[in-house]
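Atoms within a ligand are numbered from 1 in the order they appear, just like the ligands themselves. Count residues from 1 along the sequence. All values below come from the heavy atoms of this structure, side chains included, with hydrogens, waters and symmetry mates left out.
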Amino acid sequence: MNRDEILTWLREEDPEKLQGLWTLADTARQQGVGDAVHLRGLIELSSHCVRSCAYCGLRCGRKPLSRYRMSPDEVVDCARQGIRLGYGTVVLQTGEDPGLRAPDVAEIVRRIKALPTESGVPLAVTLSLGERADDELALWKQAGANRYLLRFETSDPLLFARIHPSLPGRPSDRVAMLRRLRTLGYEIGSGVMVGIPGQAWGTLADDLLLFRELDLDMIGIGPYLPHPDTPLGRGDPGFGPLEPGQQVPSTAQMTCKAVAIARILCPQANIPSTTALATLDPDHGREDGLSRGANVVMPNLTPVRYREKYDIYPDKACLHETAETCAGCLRGRIEQLGRVVGSGQGGRMGTEACSSVAQIAVSG
Ligand code: 5AD
Ligand code: FES
């Protein structure tokens with residue numbers, strides 16, 4: 001699929017034609033990663049953040065938000081809960097929190113990797129801790145971490161600089177960091193928000209092509225959801241949308257188109273049906289994602305008492321559901337779709353997640 005074809009699909013509105021895209025994506029998913037849906041338990045262990053991303057409710061400039069950082073024991077308890085619920089992976093996610101010391105993260109990773117599981121296969125550990133130094137990333141890899149998630153958010157460097165200001169003396173280059181993570185031996189994941197103000201059609205097409213160029217193992221795509229306490233959410237001067245006709249809308253359908261195209265470009269990648277999509281469309285979001293290319297869901301393992309403080313965007317799906325409730329609910333939804341819950345770590349399958357030619361389904 002080339003850039004023009006991607007753009008044509010992104011702009012397609014006819015439901016019958018779109019059915020063709022969903023079918024191509026579902027076939028590519030079936031051929032690339034099979035029918036298993038992997039559950040990754042999300043542990044949001046710290047809401048502290050030193051960055052001021054213009055879209056994110058955890059941004060450090062946002063004073064009234066009370067912050068938390070879980071103790072290592074609390075994090076390991078959440079991981080134990082994940083094992084009890086049958087998950088093969090835990091994802092440790094935070095704001096960018098230098099107060100979370102690298103040796104402490106390494107110790108948490110070691111303790112999680114040492115937890116006994118029924119199958120004898122240890123939990124896979126995915127880190128999503130923001131932009132950290134190379135020696136820290138190497139330390140965590142040695143401690144046993146398997147994967148790292150870092151969304152590049154947009155492939156447009158000007159838009160990125162506007163919505164994701166660098167820290168003084170530390171220019172932000174997420175694509176370079178992803179490449180270093182790969183060299184260190186991590187499976188790498190990235191992604192974008194669909195419909196972020198300033199995102200043009202061509203920008204989203206380039207984002208999708210960059211997924212393939214980076215040969216990502218994991219791709220997270222969710223709709224942009226405005227947070228009223230952020231510059232983008234308020235529409236502050238300089239943070240408004242493009243002219244109508246140029247701006248990509250932040251709809252559930254547009255998100256599904258991006259997920260479907262990502263699947264066709266990267267047949268073997270692990271692609272979640274995101275919580276943001278379920279938030280925007282609580283009735284059908286999770287299912288639509290799964291039947292239009294996704295093969296992963298990320299139920300929340302964070303203790304309910306902390307959830308509201310991890311306020312990236314408003315009205316997050318399943319905010320008050322306990323880990324047990326979500327696990328049961330998701331299993332039911334997956335089976336309803338005629339899919340099966342994956343067992344084991346559910347890591348990258350082939351040698352190349354993203355096909356350089358991407359003919360797998362497009363020719364069919
Ligand atoms: N709407 C949707 N997604 C968001 N994220 C951050 N803020 C928002 C928002 N307002 C996404 C970013 C980040 C991930 C953890 O959450 O893409 O990388
Ligand atoms: Fe959380 Fe259904 S997925 S309650």
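- Salt-bridge formation is not detected for the pair R286/D281: no Lys NZ or Arg NE/NH1/NH2 atom is positioned less than 4.0 Å from an Asp or Glu carboxylate oxygen.
- With S128, P223, G222, G191 as candidates, the residue nearest to atom 2 (C) of ligand 1 on a non-hydrogen basis is P223.
- Counted by atom type alone, T154 and D156 present zero donor-acceptor pairs between their side chains at under 3.5 Å.
- Closest heavy-atom approach to atom 1 (N) of ligand 1 within the set L150, T94, L225: this belongs to L225.
- Proximity to E153 (heavy-atom distance under 4.0 Å) selects the following atoms of ligand 1: 12 (C), 13 (C), 17 (O), 18 (O).
- Set against the non-hydrogen atoms of R151, the atoms of ligand 1 under 4.0 Å away are 11 (C), 12 (C), 17 (O), 18 (O).
- Contacts between Y55 and ligand 1 below 4.0 angstrom, taking non-hydrogen atoms only, involve backbone and side chain alike.
- Counting only heavy atoms from C-beta outward, the side chains of V341 and H38 never approach each other to under 4.5 Å.
- For atom 4 (C) of ligand 1, the closest non-hydrogen atom on the protein side is M193 SD, 3.4 Å.
- Salt bridge absent: D26 and R263 never bring a charged side-chain N and a carboxylate O closer than 4.0 Å.
- Here the heavy atom of the protein found nearest to atom 6 (C) of ligand 1 is I312 CG2, 3.1 Å.
- Annotation: atom 15 (C) of ligand 1 to nearest protein heavy atom, Q93 NE2, 3.9 Å.
- Within the 4.5 Å cutoff, no side-chain heavy atoms of E321 are placed close to those of C329.
- For R3, the CZ atom sits in a packed shell: over 12 heavy atoms of surrounding residues, nucleotides or ligands are nearer than 6.0 Å.
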